[in-house]
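These notes are about the structure you will find just below.
Positions are given from 1 along the sequence.
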Amino acid sequence: MDDPLGNFANIDVEAFLRDSENRVAGFAAAQEGVAAAVGRATAADGLIAVECTARGGVSRLDIDPRAKRMSVHEMSAAILAAIRDADADLQRQLSAIMTGAFGGGLDRALGDPDTARAKVAEAQQAFDRMMGDAMGELDRMRRKLGY
């Protein structure tokens with residue numbers, strides 16, 4: 001006679017639940033880390049300072065009054081350089097967050113913070129579906145066994 005529990009008979013439910021909780025915590029930590037990450041950079045000997053976030057791109061631009069001595073072309077170039085460097089700093093942070101949470105498999109997503117956030121959300125949804133399927137299967141087995 002077939003075992004009514006099928007392959008689920010050998011599952012360590014406690015370990016499964018601990019692993020599930022750890023994964024959910026990892027997803028949440030990655031989402032919080034991405035939301036909190038701020039890339040920073042300066043240019044023109046510190047006269048130009050920029051901050052970038054995954055949510056809004058450039059979130060802060062500080063120009064020291066002494067930068068007025070620069071030509072418009074020099075100031076524009078310095079601002080663009082600071083933006084590029086702040087974005088690169090942000091990308092390094094996002095890469096570290098994602099690698100810490102998921103390993104190296106999401107490197108392609110890190111070129112675009114929106115894609116990285118979408119990948120985190122996608123992983124969360126896949127996990128939620130897997131948990132729903134597992135809990136549904138456990139419930140089906142419970143009913144079959146008359147509990």
### Query
Shortest non-hydrogen contact from Ala67 to Met75?
O-CE, 3.2 Å
### Message
Keeping Ser76 on the side-chain end and Val72 on the backbone end, is there a donor-acceptor pair under 3.5 Å?
### Response
yes
### Query
Quick one: salt bridge (Lys or Arg N to Asp or Glu O under 4.0 Å) pairs with a partner in residues 66-86, sequence neighbours left out?
Asp64-Arg66
### Task
Could I get the full list of side-chain contact (heavy atoms from CB on, under 4.5 Å) partners for Ala49, not counting sequence neighbours?
Thr42, Asp62
### Message
Show me the pairs that pass salt bridge (Lys or Arg N to Asp or Glu O under 4.0 Å) and involve residues 24-50, at least two apart or across chains.
### Response
Arg40-Glu51
### Query
For Asp87 and Cys52, which heavy atoms make the closest approach, and how far apart are they?
N-SG, 4.0 Å
### Query
Which atoms form the tightest heavy-atom contact between Gly39 and Asp89, and what is the distance?
CA-OD2, 3.3 Å
#### Entry: Contacts of Ala78 that satisfy side-chain contact (heavy atoms from CB on, under 4.5 Å) - sequence neighbours left out
Ala43, Ala44, Ile48, Met70
#### Entry: Partners meeting side-chain contact (heavy atoms from CB on, under 4.5 Å) with Ile83 (sequence neighbours left out)
Val50, Val58, Ile79
